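The structure appears right after this line, and notes come after that.
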Amino acid sequence: INNDKGLQTPVVITISDTGYSPSSVTIGPGRVVKFTNNGIINHTVTGDDLAWGSGTMNAGKSFSRKFTKTGTFSFFDTYNSQLTGAIFVQ
């Protein structure tokens with residue numbers, strides 16, 4: 001029961017009302033990124049290609065996504081398109 005099963009904690013990106021922090025991360029394939037809305041208004045995490053997204057995240061809510069393929073996964077907030085970020089999977 002106490003053996004390492006290769007589990008990894010997610011990489012965390014927080015969302016405030018002024019942006020994502022950090023706004024970009026580099027991870028390996030198979031890692032999970034957890035986005036948490038620490039702002040007081042609604043936010044989203046939406047892939048630039050619109051192929052994935054969190055939907056509306058109320059204050060305090062989280063969304064997790066596993067990135068299995070290598071590449072650059074840019075994202076934005078549909079409530080404020082000036083809030084942007086990127087996941088680099090290498």
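Computed from a predicted structure; not experimentally measured.
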Donor-acceptor under 3.5 Å ([X] side chain, [Y] main chain):
| X | Y | value |
| --- | --- | --- |
| Arg31 | Thr68 | no |
| Ser74 | Asp48 | no |
| Thr14 | Ser21 | yes |
| Thr44 | Thr78 | yes |

Contact between Arg65 and Val33 at the side-chain level, heavy atoms closer than 4.5 Å - yes or no?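 Answer no - side chains too far apart.
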Report yes if the side chains of Ile87 and Ile13 come closer than 4.5 Å at any heavy-atom pair, otherwise no.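 When only atoms from C-beta onward are counted, Ile13 and Ile87 do touch, with a gap below 4.5 Å.
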Can you get from [X] to [Y] by hopping between Ile, Leu, Val, Met, Phe, Trp and Tyr side chains that sit under 4.5 Å apart?
| X | Y | value |
| --- | --- | --- |
| Val12 | Val89 | no |
| Phe76 | Ile15 | no |
| Trp52 | Phe88 | no |

By side chain to side chain contact (heavy atoms under 4.5 Å, CB included), which residues pair with Thr56, not counting sequence neighbours?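 Testing Thr56 for side chain to side chain contact (heavy atoms under 4.5 Å, CB included), a comparison that skips the adjacent residues, returns Asn42, Asn58, Tyr79.
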Do any pairs count as a side-chain hydrogen bond (donor to acceptor under 3.5 Å, both in side chains) and have a residue in residues 80-90, sequence neighbours left out, and if so which ones?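 Every candidate side-chain hydrogen bond (donor to acceptor under 3.5 Å, both in side chains) pair involving residues 80-90 fails, so no pair, neighbours aside, qualifies.
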Ring pair (Phe, Tyr, Trp, His ring centres under 6.0 Å) partners for Phe35, two or more places apart: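 Residues passing ring pair (Phe, Tyr, Trp, His ring centres under 6.0 Å) with Phe35: Phe75.
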Ring pair (Phe, Tyr, Trp, His ring centres under 6.0 Å) involving Phe73 - partner list, sequence neighbours excluded: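 Partners of Phe73 under the ring pair (Phe, Tyr, Trp, His ring centres under 6.0 Å) test: Phe67.
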Work out which heavy atom in Phe63 is nearest to a heavy atom in Ser54; give both atom names and the distance.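 Result for this residue pair: CG-CB, 3.4 Å.
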Which pair of non-hydrogen atoms, one from Gly39 and one from Ala59, has the smallest distance, and what is that distance?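 Closest heavy-atom pair between Gly39 and Ala59: O-CB, 3.2 Å.
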Applying side-chain hydrogen bond (donor to acceptor under 3.5 Å, both in side chains), can you list everything that pairs with Thr18, at least two apart in sequence or on another chain?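 Listed in chain order: Ser16.
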Taking only residues two or more places apart in sequence or in another chain, which ones pass side-chain hydrogen bond (donor to acceptor under 3.5 Å, both in side chains) with Ser62?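 In terms of side-chain hydrogen bond (donor to acceptor under 3.5 Å, both in side chains), with neighbours along the sequence ignored, Ser62 is linked to Thr36.
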